Structures are given as structure tokens and as C-alpha cells.
Amino acid sequence: MPQLPFKVHELTVGQLSARSGAAVSALHFYETKGLISSTRTAGNQRRYTRDTLRRVAFVRAAQRVGIPLAVIRDALAELPDGRTPTRDDWARLSEAWRAELDERIGQLLDLRDHLTDCIGCGCLSLERCALSNPYDNLGQQGPGAQRLRVDRGRAEPADAADDCAKGGPGPCEPGAGEER
């Protein structure tokens with residue numbers, strides 16, 4: 001990581017990128033989202049204050065744990081005079097984000113635990129299918145695949161397969177779609 005002389009108070013976008021590890025395009029994006037700011041030289045080149053390094057580190061750390069950029073921006077906006085976040089600021093904000101992260105972790109654990117229940121049959125109406133049909137919402141529409149039925153390689157809306165429900169030939173019949 002390149003070291004900057006202490007007397008350098010403003011960084012170019014390339015210097016900020018090299019020191020922070022963030023791509024130049026990411027830094028430009030952060031600036032458009034209001035996460036960092038720059039001034040412009042007479043030649044219209046961006047210049048960042050040294051404390052922008054800490055703001056970028058703050059943004060990247062929050063992103064790594066899954067905090068959306070809009071939430072990060074709002075948190076940074078709460079700091080007085082747009083100052084750089086301190087260790088205490090991080091502790092306070094990360095504690096506030098903890099409940100949201102715990103909820104997301106719980107959702108991911110539920111998805112992981114239900115993954116083995118998904119047998120890939122395409123019925124989309126299993127009562128326990130947390131992946132394709134949480135809470136069995138499609139089960140109210142009847143048995144079988146409710147979103148899409150396939151007959152001889154051609155996709156049809158679910159209504160076209162009413163023959164299945166009546167016991168007649170249809171796309172859910174064993175061997176449907178095979179050459180006879």
C-alpha cells in the first residue's frame with residue numbers, strides 16, 4: 001500500500017483508490033450517492049481530504065456486513081458537520097444495525113434448513129417449500145405447477161392444463177411431451 005507524505009492533505013482519486021483498496025469507479029459511485037465528497041481543482045480534477053480514507057473504510061466495512069448504501073449514507077448524514085466517523089460512531093451504529101443483521105441471519109438459516117426440503121419437482125405448492133413458495137401461497141390455486149406448465153416443449157399458462165385436474169390427458173400426465 002503506497003504511503004502518502006504527511007504534508008499531503010488532499011488526495012487524487014487514484015491515490016485514494018490505492019490507499020483504500022476501492023476501485024476508482026467505486027469511489028465515483030460513492031460520491032454520486034453522497035457517501036464521500038470531493039473538491040475540484042482549477043483543472044476540474046477531484047481532490048479528497050485525507051479523512052475520506054476513514055469514510056471509505058467505514059462504508060466498505062458496513063457493506064461487507066450487508067448494510068445497504070442508503071442506510072450507510074443516512075448514518076453518515078447524522079454525524080455533525082459531515083465529520084469522519086470515529087470508533088465510537090462505528091460502535092453506536094453497528095449496535096443499531098445488529099438487530100437487522102440478526103434478522104437477516106435468521107432468514108438465511110431458515111432458507112438453508114429448508115433447502116433439503118426442496119425436491120425440485122416443480123410443484124411449487126409444497127407446504128414447507130420456503131424457497132419457491134413460502135407459506136404455500138400457490139397451493140390455494142390447486143395441485144401441480146401453478147406458474148407454468150410445459151406441454152411438448154411449449155410453455156402454456158396454467159389454465160391450458162385443466163385436463164390434468166379432470167383426469168384427462170394433459171401436460172402433467174406421465175410421459176407427457178415425449179414422442180409416441
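Hydrogens, waters and symmetry mates play no part in the numbers below; they use all other heavy atoms, side chains included. If you read the sequence from its start, that first residue is 1, and numbering goes on from there. Quick caveat: nothing in here was measured; it's all calculated off a predicted structure.
The ring pair (Phe, Tyr, Trp, His ring centres under 6.0 Å) contacts involving residues 14-63 comprise Phe58-Trp90, where partners must be two or more places apart or lie in separate chains. Among pairs with a residue in residues 59-71, none fulfils salt bridge (Lys or Arg N to Asp or Glu O under 4.0 Å), at least two apart in sequence or across chains. Sorted by first and then second residue, the side-chain hydrogen bond (donor to acceptor under 3.5 Å, both in side chains) pairs involving residues 97-106 (not counting sequence neighbours) are Glu100-Arg104.
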Worked verdict on Arg55 versus Leu76 for side chain to side chain contact (heavy atoms under 4.5 Å, CB included): CA-CA 9 Å; Arg55 283 181 83 90; Leu76 289 170; 3.4 Å; yes
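Nearest approach of Arg92 to Glu78, heavy atoms of both residues: NH1-OE1, 4.3 Å. Nearest heavy-atom pair, Ile36 versus Val56, reported as atom, atom and distance to 0.1 Å: CG2-CG2, 4.0 Å. The two atoms that bring Ala22 and Ser17 nearest to each other are O-OG, 2.6 Å, heavy atoms only.
Listed by chain and residue number, Thr49, Thr84 satisfy the side chain to side chain donor-acceptor pair (under 3.5 Å) test with Asp51 (two or more places apart in sequence, or in another chain). Residues forming a side chain to side chain donor-acceptor pair (under 3.5 Å) with Ser38 (at least two apart in sequence, or on another chain): Glu31. Every residue two or more places apart in sequence or in another chain that forms a side chain to side chain donor-acceptor pair (under 3.5 Å) with Arg47 is listed here: Gln45.
Rounding to the nearest 0.5 Å gives a distance of 10.0 Å between CG of Leu53 and CD of Gln15. Between the CZ atom in Arg54 and the OG1 atom in Thr52 there is a gap of 12.0 Å [rounded to 0.5 Å]. Rounding to the nearest 0.5 angstrom, the gap separating the CG atom in Leu79 from the OG1 atom in Thr86 is 7.5 Å. With values rounded to the nearest 0.5 angstrom, Ile105 atom CD1 is found 11.5 Å from Arg112 atom CZ.
Within a 6.0 Å radius of CZ in Arg40, other residues, nucleotides and ligands contribute more than 12 heavy atoms.
Proximity of a side-chain donor or acceptor of Ser20 to a complementary backbone N or O of Leu16 within less than 3.5 Å is detected.
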